[in-house]
Student: 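Supplied in structure tokens, the structure appears directly below.
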Amino acid sequence: MIPPNTASTSIRRQPESEAETSPTHRSTCVECDGTVIYSEDKGEYHCDACGLVLEESNIDRGPEWRAFTERETSQKSRVGAPITHTLHDKGLSTMIGWRNEDTYGNALSKRQQQKFQRLRTWDERFRTRDSKERNLKQALGEIDRMASALDLPTPIRETASVIYRRALEKDLLRGRSIEGVGASALYAAARQANTPRSLDEVAAVSRIGKSKLARTYRYVARELALGIAPDDPTDYLPRFASDCEVSVETETRARHLLEVAAEQDALSGKSPVGLAAAAIYAATRRTEDSLTQADASEVTNVSKVTIRNRYQELLEIADDADPNELES
DNA sequence: ATGGTTTTTACTGCGTC
DNA sequence: GACGCGGTAAAAACCAT
């Protein structure tokens, strides 16, 4: 059977509004300066201008069959919630219903009601029987809570859940808090998905301190061989740009500044968050946007001094490399 | 532990509205 | 005078050794 969803080969242009709604994925093409757009049905990121496909790792979760009539639709349809790692039983286990009635909707007798109440109790106990399951249940709840607080999308929660499961399997929890490992998993997942949150931000929504989180994260990342690439400052740009309420042009310029500096190897050793913040600020000086150092500092949690130091360096490098960009 | 680097804190001076 | 910006010194945090 041929999966029909892959049949179309033409590159589809997404309407402008479509791209606006997912700012986390909006970025600039590596080849030209076109906007990278996500196309839902093809499951890939491609450049609007040159059509370069950036990423196509998404899995097509659509049905592998086609239905031509209403009848076929209802007959071939398979039901059930999708399997997920964010629930401790992956959403697979069943539960005794809470309604005190039988399959036909008739009320149960008092005696039967009591019986089912006892069954429910035991059912719950068995489903979360051993300590690992209970551990997972709590941890995944925490991960979900933190992810919500950090505005991280579902796929990242899935990844975080998987990382946590692996940590649990490898017995990495010894002497470490559920909270800490959960937060580490989330931090790692966010970075892996190129939508990083800073250690500060993650620590803020967790119940552990920054240093503990950093230590735990290191440990988990090493033991599980997560192999996460060093933080890229440009990954912070979309979020900072929108939080600072600056134009897309500013964001593009900021990205450009960072790229030029990166070519000169002027970025290593400096904190990515600080660089991103500085790049945004620096860019506003070359555009119509007005942004004060104080505001930039507030939004990004980077000190004004750091922004000052970095942004001057960035502008210097950019002007050296590209003197004809001098304007205003 | 140690030393080197980076970031933060705190304070001060300058120009402008 | 408040504000935005810039600079400095010293403390704190971070990292590799």
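All values derive from a computational prediction rather than experimental measurement. Here is the naming used below: chain letters follow the sequence lines, and residue numbers restart at 1 for every chain.
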Student: Should the pair E179(A)-R145(A) be classified as a salt bridge under the 4.0 Å nitrogen-to-oxygen rule?
Tutor: yes
Student: Tell me yes or no: between the side chains of R215(A) and Y219(A), is some donor less than 3.5 Å from an acceptor?
Tutor: no
Student: Identify the 5'-most and 3'-most nucleotides of DNA chain B with at least one atom closer than 4.0 Å to a non-hydrogen atom of chain A.
Tutor: dT6(B) to dA10(B)
Student: Which part of the nucleic acid, if any, lies within contact of K304(A), taking any heavy atom under 4.0 Å across all strands shown: a base, the sugar-phosphate backbone alone, or nothing?
Tutor: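 Counting heavy atoms under 4.0 Å across all strands, no contact is made by K304(A).
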Student: Between E169(A) and R165(A), does any NZ, NE, NH1 or NH2 come within less than 4.0 Å of an OD or OE carboxylate oxygen?
Tutor: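 Answer for the salt bridge query: no.
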Student: When you check every protein heavy atom under 4.0 Å of nucleotides 4-16 of chain C, what one-letter string (B, S, -) results, 5' to 3'?
Tutor: SSBB------SS-
Student: Between D232(A) and T234(A), do the side chains contain an N or O donor and an N or O acceptor separated by less than 3.5 Å?
Tutor: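 Per modelled atom types, D232(A) and T234(A) side chains form a pair under 3.5 Å.
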Student: Does K270(A) use its side chain to pair, donor to acceptor, with the backbone of R310(A) at less than 3.5 Å?
Tutor: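 Answer holds: no.
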Student: What's the spacing between L199(A) CG and R191(A) CZ if we round to 0.5 Å?
Tutor: 8.0 Å
Student: Verify the distance criterion only: is there a donor paired with an acceptor across the side chains of D243(A) and Y236(A) at less than 3.5 Å?
Tutor: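 Short answer, no.
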Student: R253(A) side chain to T287(A) main-chain N or O, any donor-acceptor pair under 3.5 Å?
Tutor: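 No: the side chain of R253(A) does not pair with the backbone of T287(A).
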